[in-house]
Amino acid sequence: MQSNYIEQLNPQQKAAVLYTDGPELVIAGAGSGKTRVLTYKIAYLLDQGVAPWQIMALTFTNKAAREMRERVELLLDAQDLGKLWMGTFHSIFARILRLNAEKIGFKSNYTIYDASDSVSAIKHIIKDLGYDDKVYKPSSIQARISNLKNAMVSPADYKRDKRWAQEDIEAKRPYLGVIYDAYCTQCRNSQALDFDDLLYYTNVLLRDNPDVRARYMQQFKYILVDEYQDTNFAQDLIIKQLAGDDTKICVVGDDAQSIYSFRGANIDNILNLQSIYPGLKIFKLEENYRSTQNILDVANSLIAANTHQYRKHIFTHNGAGKKVRVIRCASDYEESYIIANTIASLKRQAGYKWSDFAVLYRTNSQSRVIEKALNSGGLANDHGHMRSPIPYRIYGGLAFFQRKEVKDALCYFKMVINPDDEAIRRIINYPRRGIGDTTVEKIHRCAARKKVSMWEVITRPGFYGLDVNRGTLGKIASFKAKVDEIQQLDRAGKDAYETARGIIEKTGLLEILMGDKTPENISRQENLQELLNSVKEYVDNHLEETGNVATLAEYLTDAALATDQDNDQNADGDCVTLMTVHAAKGLEYRNVIISGVEDNRFPSYKNQDRLAQIEEERRLLYVAITRAKENCIMLYSDTVVMAGKPTPVAPSRFIMDIDPKLLLMSQTSFAASKAGSYDSYHSRWDRENEEGYKEHNAHQYQSHRASDSPTRAESQHLQAASPRRLTPVRQVQGRPTTGGGSAHTPDELHVGTVIKHARFGEGTVTNIDLTTDAKITVNFNALGQKLLLLKFAKFDIVG
DNA sequence: ATAGCGTCCGACCGG
DNA sequence: CGGACGCTAT
Ligand SMILES: Nc1ncnc2c1ncn2[C@@H]1O[C@H](COP(=O)(O)OP(=O)(O)OP(=O)(O)O)[C@@H](O)[C@H]1O
């Protein structure tokens, strides 16, 4: 434990950390240290003797959860943090549901439908019911059902309270209730929960089981929640249900950063806290530690345009810094090269690392063109040589676990744990075994009629009266035999890795890909291998930190919720970060580049009708700007390629909200050469030639060809993908893995021994504790003190 | 039943 | 442009 960590807080932060007499709310602007208060508070509580398992700490995004773990880890050297309930809402409550599944009528081996499973299930239901899938667009229906669940409206509630049905009648989809009902029935028959169910059923569990609720209220003495302004009804309700008389809640948030209304987030949740917890103590933080004065001024100038906001006083002692720049480009193609060049030249001039840069955008699809530019390293230099590629890493988008070959393997894993309908549909005919759509539909219809899962029907086709011919029946029987065979692999005592490896072997998934040696197939093989490595690593971590063997079911839960695990090989190295603004919430970078600041993206073309929508979009840009510590650069283009066609777009109206004196406007010469159609904006440009943007040769950008560099899909298959480490929910994450190591006995070690741990690097043993389980305390060079359970820790003895 | 090909459509944000 | 879907020939 760092001894004087409390002194690293300002007086307001300190007061918020030390306050333990009752419920508290920290409401403050961006970069004022709200998350810092949360992390220090966790450290302080543990220091005061609160047990780790009595503390629940919740975040929204996976990335924020990882960052918080890292921050706490740095503060708390040798603490045993394995039992801290820290993670995203979904991961923490998935765990609680796993422990209490039977109370909500599910089995504890339930599986999780990810977003694509949900949409696919809904699509089939719409087809079954004979509705037009143009009117009932599966993805919109899924979004609507998600909203209903987030508002705690069950299919029965939907029938009871006509208000909801009225909305759908107005939206011209009167049969939504029927689809909703059928979908829930199918999920239940399949023993599957979707993402929203994790929150919905947690509420049901706590509501209908006073004993369970009492137990958790008793257990969790402290509940800490980051970004509370983005909680939806279901999340807010869970917190209210868990907060007993002895529970101290500590939530932090900023109404100016509420950007998740599309999934039901409601600012009122944070503003109404006071009426729910009469003793609520409110702390305000006013000093921004993150950004330069210039960046802060721009952000404040922008957000001042919002009418619905609670004005906060915020100041900084940081220097003025560089002005925020706005750059007009001719096309998104040119823009992406300007981004690559700007990053490369800033790095060169100011000695930044790649990881000091983040490129933020509104939608994931914008990453593609930027990736191309980064891969090419930006402009060709004067001698025509291409620069070396700029390493980058993408969060969000198509995650590792969503890739076809990986998902197929995961579905086989599911077959062992709980063969849900969506998993069956995916793999019943992969590898090909002659069971086509017709048969699958028959099985599905039969299952729906008898209100059982498809697997039930497959197990006893005669009993359920499945109407298929003899040959097909034989094929179904041999499919069942195959699944039975792999189910035998998941015997007690076997860890997830052994089971997973067995499944891949028995199903021959790797062999199928050996068939032809296309680069795609080689890459797919490597991905499967990488999946196994990920399971192995998960099992090792779990063992080391909790002393328990990880089950395949636990691994599957985490894999389903890891929607942002990317697939870049140099993921752990020094690289630029690419992500959406939503994903960047709560994070910070020395240099932030915001791409596509145009009027169809900021605000999104979908959110331009109502004032509330516009204001949320403005907050989104506010969040983006306030991620920056030192440099903030916004870019927009005159034309953007949409659906393959260059389309003219206007600059974001939000740029006009910002006091022009605060901005440095410039444009590329190519953009300038095309006399603009947006004169009100053009008149704001500085004459000065900011960093030579006019110098760039226009013709370099004129071609917009796909073949200049490999597409993302191409380059993905040229190199092996790999997921980031998956770590158990209740476990604090270590550093990137390098090397192996083996287990050791106490007599091989003494105080002063230098060891090299697989994940924590080199360190010196400072204490050996043989009382119960042999534990050693090691002072790691990079991470400080850590407590290791000797029987599980893997390391090499260096000296 | 399925591979392969042409056509059509449409494009948000996260767990 | 790229993914999803449907038609056709085997
Ligand atoms: N008292 C302090 N002294 C020094 N640095 C601080 C202090 N408080 C916060 N910081 C630093 O300021 C930065 C922003 O802090 P933090 O991320 O906790 O803010 P936040 O209020 O959660 O921001 P946001 O709302 O944008 O997520 C961090 O780099 C943090 O380390």
Side-chain angles (χ1 to χ4, degrees), chain A residues 58-65 87-94 112-120 123 127 133-134 137-140 143 146 149-150 193-199 227 230 232 234-235 258-265 332-333 360-366 368-369 372 395-399 401-402 404 429-430 432-440 471-472 475 557-565 579-585 596 600-608 613 616-617 619-620 623-624 640-647 704-707 711-713 729:
Chain A
L58 302 172
T59 63
F60 281 83
T61 62
N62 285 310
K63 191 154 201 311
T88 62
F89 273 84
H90 290 83
S91 63
I92 291 294
F93 296 121
I112 294 176
Y113 276 178
D114 67 20
S116 64
D117 295 330
S118 299
V119 171
S120 145
K123 185 188 284 174
K127 210 170 145 204
D133 66 359
K134 302 245 169 356
K137 249 188 67 191
S139 57
S140 319
S146 165
K149 286 181 180 176
N150 285 328
L193 299 185
D194 68 20
F195 285 153
D196 305 300
D197 285 334
L198 297 174
L199 305 175
E227 313 280 9
D230 280 321
N232 59 36
Q235 290 166 319
S258 173
I259 53 174
Y260 278 97
S261 71
F262 71 90
R263 63 164 194 203
D332 51 350
Y333 179 76
L360 308 182
Y361 36 77
R362 182 65 171 78
T363 68
N364 283 308
S365 61
Q366 289 171 255
R368 225 188 184 92
V369 62
K372 273 189 198 167
Y395 284 91
L398 185 70
F401 294 106
Q402 309 276 336
K404 187 194 175 305
N429 204 30
Y430 181 82
R432 308 254 170 261
R433 41 176 83 85
I435 305 178
D437 285 348
T438 329
T439 308
V440 171
T472 309
K475 288 171 185 164
T557 304
D558 284 26
L561 298 176
T563 55
D564 71 340
Q565 302 283 314
M579 63 185 151
T580 65
V581 180
H582 282 92
K585 197 172 63 144
N600 56 342
R601 305 210 247 238
F602 293 98
S604 157
Y605 70 101
K606 284 267 204 181
N607 295 341
Q608 307 209 342
Q613 294 177 324
E616 173 151 327
E617 297 285 321
R619 289 195 292 269
L620 193 60
V623 168
V640 167
V641 176
M642 294 167 88
K645 283 200 170 59
T647 313
H704 194 151
R705 293 189 350 92
S707 57
T711 64
R712 179 161 164 76
V729 172

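Any value given below was found using the heavy atoms of this structure, including those in side chains, with hydrogens, waters and symmetry copies removed. Nothing here was measured: the structure is a model prediction, and the numbers come from that model. In what follows, every chain begins at residue 1, and chains take the letters A, B, ... in the order their sequences are listed.
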Would you kindly give the [atom1]-to-[atom2] distance between [X] and [N], to the nearest whole Å?
{"X": "A/K606", "N": "B/dG10", "atom1": "NZ", "atom2": "P", "result": "11 Å"}
{"X": "A/E227", "N": "B/dC13", "atom1": "CD", "atom2": "C1'", "result": "15 Å"}
{"X": "A/K585", "N": "B/dG15", "atom1": "NZ", "atom2": "P", "result": "10 Å"}
{"X": "A/Q608", "N": "B/dC13", "atom1": "CD", "atom2": "P", "result": "16 Å"}
{"X": "A/K404", "N": "C/dA4", "atom1": "NZ", "atom2": "C1'", "result": "15 Å"}
{"X": "A/I112", "N": "B/dG14", "atom1": "CD1", "atom2": "P", "result": "19 Å"}
{"X": "A/D133", "N": "B/dC8", "atom1": "CG", "atom2": "P", "result": "17 Å"}
{"X": "A/K127", "N": "C/dG6", "atom1": "NZ", "atom2": "P", "result": "7 Å"}

Which distance, rounded to the nearest 0.5 Å, do you find between the [atom1] of [X] and the [atom2] of [Y]?
{"X": "A/S261", "Y": "A/Q613", "atom1": "OG", "atom2": "CD", "result": "7.5 Å"}
{"X": "A/T563", "Y": "A/F195", "atom1": "OG1", "atom2": "CZ", "result": "6.0 Å"}
{"X": "A/R263", "Y": "A/Q235", "atom1": "CZ", "atom2": "CD", "result": "5.5 Å"}
{"X": "A/D196", "Y": "A/Y113", "atom1": "CG", "atom2": "OH", "result": "14.5 Å"}

Using the P atom as the reference point in each nucleotide, state the distance between B/dC12 and C/dC5 in Å, no decimals. 15 Å
Taking C/dC5, B/dG15, C/dG2 as options, the one with an atom nearest any side-chain atom of A/R368 is C/dG2
Among B/dG14, B/dC12, B/dG15, the nucleotide that comes nearest once only the side chain of A/T88 is considered: B/dG15
Does B/dC12 have A/F262 stacked on its base, where the ring centres are within less than 5.5 Å and the planes differ by under 30°? no
Per the salt bridge (Lys or Arg N to Asp or Glu O under 4.0 Å) rule, which among A/R601, A/R362, A/K606 passes with A/E617? A/R362
Any donor-acceptor pair under 3.5 Å between the side chain of A/D196 and the base of B/dG15? yes
For A/N62, report the nucleic acid contact type (base, sugar-phosphate, nothing); a contact means any heavy atom under 4.0 Å. sugar-phosphate
Just call it for A/F89: base, sugar-phosphate, or nothing, with non-hydrogen atoms closer than 4.0 Å on any strand. nothing
Between A/M579, A/Q366, A/H582, which is the residue that forms a side chain to side chain contact (heavy atoms under 4.5 Å, CB included) with A/L360? A/M579
Among A/T557, A/L193, A/T88, A/I92, side chain to side chain contact (heavy atoms under 4.5 Å, CB included) partner for A/L198: A/L193
Look at [X] and [N] and indicate whether a side-chain polar atom (N or O) is within less than 4.0 Å of OP1 or OP2.
{"X": "A/N364", "N": "B/dC13", "answer": "yes"}
{"X": "A/S365", "N": "B/dC12", "answer": "no"}
{"X": "A/T563", "N": "B/dG15", "answer": "yes"}

DNA chain B: 5'-proximal contact among A/K63 and A/R362 (nearest heavy atom): A/R362
Nearest-nucleotide wise, let me know which of A/N607 and A/K134 is further upstream toward the 5' end of DNA chain B. A/K134
Show the numbers, then the answer: is there a side-chain contact (heavy atoms from CB on, under 4.5 Å) between A/D194 and A/D117? CA-CA 8 Å; A/D194 68 20; A/D117 295 330; over 6 Å; no
In the 5'-to-3' direction, what one-character label does each nucleotide of nucleotides 1-7 of chain B receive under the scheme B = base within less than 4.0 Å of a protein heavy atom, S = sugar-phosphate only, - = no such atom? SSS----
For DNA chain B, the dot-bracket pattern of Watson-Crick and G-U pairs whose distances stay under 3.5 Å, | for other-strand partners: ||||||||||.....
Verdict with supporting geometry, A/K127 and A/D133, salt bridge (charged side-chain N to carboxylate O under 4.0 Å, His left out): CA-CA 7 Å; A/K127 210 170 145 204; A/D133 66 359; over 6 Å; no
Measure across A/F602 and A/G596 and return the closest heavy-atom pair with its distance rounded to 0.1 Å. CD1-O, 3.5 Å
